[in-house]
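One structure below.
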Amino acid sequence: MSRIFDVLKQRLGAIENPSDEPSLLTLASRRRRRVLRQAGTLAAAGAAVTTGSLAGCAGGVGAGAADGYPAGEGGPRLGFRSVPIARDDAVHVPDGYTARVLIAWGDPVGDLRGMPNFRFDASNTVEEQALQSGTHHDGMFFFPLPPVMMQGVGPRPPVTASSTSGLLVTNHEYPDYSTMFADGTANWSLRKTRKAQAALGVSIIEVARSERGWAVVRPSHHARRIHAYTHMRIAGPAAGNDAMMTARSRSGRDAWGTYANCAIGWTPWGTYLTCEENFNFYFKGLDEPTPMQARYGISQRNHTGLWGDADPRFDVSRSPNEPNHFGWVVEIDPYDPSSVPVKRTALGRKKHEGAACAVARDRRLAFYMGDDQAFEYLYKFVTARPWNPDDRAANRDLLDTGTLYVARFETDGTGHWMELVHGRNGLTAANGFRSQGDVAIFARAAADRVGATPLDRPEWTAVDPHGGAVYVTLTHNNDRGRPGRPGADGPNPRAPNRFGHLLRIDEASADAAATGFKWEVFALAGDPKATDSMKRATIKGDAYASPDGLMIDPRGVLWVQTDMSPGNLLKGDHAMFGNNQMLAIDPVTRETRRFLTGPRGCEITGACLTPDARTMFVNVQHPGEGREGGSDPRAVREISNWPDHQSDGRPRSATVVITRFDNGIIGT
Ligand code: FEO
Ligand code: CA
Ligand code: CA
Ligand code: CA
């Protein structure tokens with residue numbers, strides 16, 4: 001997490017208007033209903049999903065996800081020349097490739113209700129922000145138009161799906177108040193809170209490729225912003241639990257909003273899974289939190305986000321159960337602009353990084369999920385029923401019933417998925433878990449009880465379409481080995497862990513529903529030439545640190561994105577890595593080549609491909625982070641004004657679109 005949480009410690013501002021109902025949303029939803037009626041788009045929104053090409057390839061190891069893509073002799077090959085490390089304020093890609101900004105924070109998403117342009121002086125209003133791209137782009141996925149069912153063990157659209165028209169869905173992780181407001185955090189108010197809330201969540205944009213390249217389709221009836229006040233449904237075991245009941249959600253079955261949206265997942269029937277990570281920072285907590293609140297960081301000590309000062313919903317003394325509405329995986333149907341997002345509580349509440357899907361042999365689905373904090377765990381959820389490749393609607397509530405597991409790693413290279421099921425493994429009323437709802441809401445505490453293995457900040461997960469191996473990035477953990485904290489062990493072999501590593505997990509019988517697995521350290525990040533064994537990397541090729549974002553392409557190549565924090569970037573033992581970047585790793589030879597470097601102060605996070613793998617979308621998050629001058633904009637000295645390069649401009653997070661001049665497959 002970033003500088004904003006370091007610098008925004010000063011709590012400012014009285015409650016300007018303690019109303020719980022932001023007027024922009026009421027107005028917007030009325031307008032939206034009217035526009036949708038007029039445009040007749042509700043019928044289009046429910047458009048039939050193409051299923052024709054799916055017979056026999058909906059699941060199981062070895063299903064044909066990779067058909068149509070060259071894998072190369074002995075495994076996938078990397079066919080581009082590495083780019084060198086960079087320290088400048090630009091995006092660099094290999095020779096033969098081009099990278100262009102597609103959409104940046106504040107650009108209109110193309111909503112039929114309006115398309116306000118970004119104003120470089122930060123004067124866009126709340127209402128405008130709710131129609132513009134959010135900020136701090138993170139996980140992202142391309143859903144082809146027309147819709148398709150996906151194929152394979154690591155499901156993805158078939159190569160025949162459209163690669164020139166689709167919906168690009170993007171997470172927006174957190175706000176940076178020194179770029180969002182001309183006067184930063186001064187005079188904090190409900191209006192400022194609302195703008196920040198409108199800048200997070202998810203953007204759905206329609207994109208199309210023509211002879212002139214990729215562009216956002218504006219207007220589009222698919223274009224949509226989902227943010228921290230969008231109405232959502234709570235489903236699964238926590239729905240209706242008394243810990244989910246609030247003044248506004250009396251039944252405990254409705255929630256308002258998603259934010260802190262980090263990594264993602266998707267389902268084979270074409271829905272998007274946005275994952276809520278550091279939700280606790282925004283709450284004004286209690287000096288003496290309950291043990292369960294403390295387990296999720298809901299305390300005064302962690303309140304740095306200001307929202308709770310202006311918005312009573314984020315003041316735990318006034319809304320004690322509101323934090324229980326966050327920390328979930330939220331399912332969104334991008335193809336239906338009127339759909340209500342659903343918090344799928346069966347997958348458990350934690351600081352979710354992502355939720356990567358794998359298809360088990362019997363076509364049940366498994367989702368692999370990191371909980372990104374030092375010494376937290378890796379989880380898996382397996383649905384009770386198989387998914388149905390022939391009937392999209394039949395999968396609608398598939399994620400509400402199944403088994404939640406947490407990983408226990410043994411030092412001999414084996415591991416087990418431990419059930420987090422009420423009544424089993426000590427998860428009983430006597431131990432504070434009255435129901436599966438309690439287990440889901442307090443999944444971290446349940447995982448503590450069953451003896452899960454604490455990891456070095458589990459970030460993204462990804463599934464190899466060639467056989468279903470699961471990869472996990474562990475970004476780093478400087479606290480491992482500190483007095484009173486766990487030391488080095490099998491899956492966390494370095495103490496401290498300065499640079500992070502990747503684990504590979506192979507499920508028993510290559511079945512995603514298995515309860516046993518084998519694991520290995522796939523790569524230790526850092527400096528391959530370091531003499532200190534705690535810093536020495538096992539990378540074959542270009543060095544990197546703090547792996548975070550992770551995507552596996554249809555050929556099985558791993559694409560690793562780095563998130564060295566501003567405190568480390570270009571400094572000390574991190575100087576050798578340059579700006580944050582993206583690398584490709586051949587999973588067989590483990591050869592590693594640097595594919596992209598980002599502008600100053602940014603993190604590279606979120607990547608996806610069109611079905612033909614000839615276009616890659618990559619997100620550049622928080623360029624300029626680590627600037628000098630703190631939260632007082634008058635004192636700030638910007639280190640980046642990417643991508644606009646206006647002398648008085650603000651740096652903006654953005655999505656970059658990458659293609660080859662010869663239109664070849666990315667990476668080959
Ligand atoms: Fe949002 Fe764990 O990175
Ligand atoms: Ca970051
Ligand atoms: Ca991340
Ligand atoms: Ca991160």
Side-chain angles (χ1 to χ4, degrees), residues 1-6 134-141 170-176 200-202 258-265 273-282 296-297 305 326-330 350-356 368-379 444 455-462 471-479 497-503 525 544-551 558-569 574 577 579-583 598 601-608 618-623 625-626 653:
M1 283 311 294
S2 73
R3 170 184 164 272
I4 69 154
F5 295 124
D6 300 332
T135 187
H136 287 54
H137 304 41
D138 207 311
M140 168 174 56
F141 196 72
T170 299
N171 280 356
H172 300 290
E173 191 177 23
Y174 63 93
D176 176 347
L200 306 189
V202 172
T258 187
Y259 64 89
N261 308 84
C262 187
I264 58 142
L273 302 176
T274 184
C275 301
E276 299 170 344
E277 191 189 17
N278 292 304
F279 63 92
N280 61 312
F281 288 107
Y282 303 78
Y296 287 84
F326 301 97
W328 300 108
V329 173
V330 184
K350 44 208 168 262
K351 295 193 188 180
H352 276 284
E353 188 75 17
Y368 298 90
M369 304 173 284
D371 181 354
D372 178 14
Q373 198 166 316
F375 305 111
E376 291 298 340
Y377 310 129
L378 178 72
Y379 296 78
R444 280 184 163 184
L455 298 169
D456 287 345
R457 290 188 55 191
E459 301 258 18
W460 287 58
T461 45
Y471 294 83
V472 186
T473 49
L474 298 146
T475 197
H476 62 261
N477 182 359
N478 291 332
D479 291 337
N497 184 356
R498 288 283 291 159
F499 300 123
H501 60 285
L502 275 79
L503 292 179
Y544 60 92
S546 295
D548 185 346
L550 182 63
M551 186 266 284
L558 278 75
W559 297 82
V560 175
Q561 302 171 307
T562 71
D563 182 17
M564 295 174 282
S565 68
N568 283 329
L569 265 180
H574 284 71
F577 306 109
N579 291 347
N580 276 308
Q581 57 200 262
M582 181 162 77
L583 308 103
C602 85
E603 162 187 357
I604 301 296
T605 181
C608 60
V618 175
N619 278 330
V620 175
Q621 189 189 101
H622 63 70
E625 202 169 273
S653 298

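Note that the numbering runs from 1 along the sequence shown for the chain. One-based numbering, in listed order, for ligands and for the atoms of each. Reckoned from all heavy atoms, side chains included, excluding hydrogens, waters and symmetry mates.
- For the Ca ion (ligand 4), the N/O/S atoms of Asp372 include none lying under 3.0 Å.
- With respect to the Ca ion (ligand 4), Asp563 has OD2 as its nearest N, O or S atom.
- Using a cut-off of 3.0 Å, one finds that Glu459 contributes no N/O/S atom close to the Ca ion (ligand 4).
- Rounded to 10°, the angle formed at atom 1 (Fe) of ligand 1 by Glu277 OE1 and Glu173 OE2 is 80°.
- Coordination check, Asp548 versus the Ca ion (ligand 3): passed, since an N/O/S atom of the residue sits under 3.0 Å.
- The distance from the OG1 atom of Thr475 to the CG atom of Leu455 is 13.0 Å, given to the nearest 0.5 Å.
- Between Arg444 and Lys351 there is a side-chain heavy-atom pair separated by less than 4.5 Å.
- The nearest N/O/S atom of Glu353 to the Ca ion (ligand 3) is OE2.
- A search for ring-ring contact (aromatic ring centres under 6.0 Å, His included) contacts involving Tyr377 returns nothing, not counting sequence neighbours.
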- Task: Start with the C-alpha distance between Tyr174 and Phe281, add both sets of side-chain angles, then the distance that settles ring pair (Phe, Tyr, Trp, His ring centres under 6.0 Å), and finish with yes or no.
- Result: CA-CA 10 Å; Tyr174 63 93; Phe281 288 107; 9.2 Å; no

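- Side-chain contact between Gln581 and Met564 is present, with at least one heavy-atom pair separated by less than 4.5 Å.
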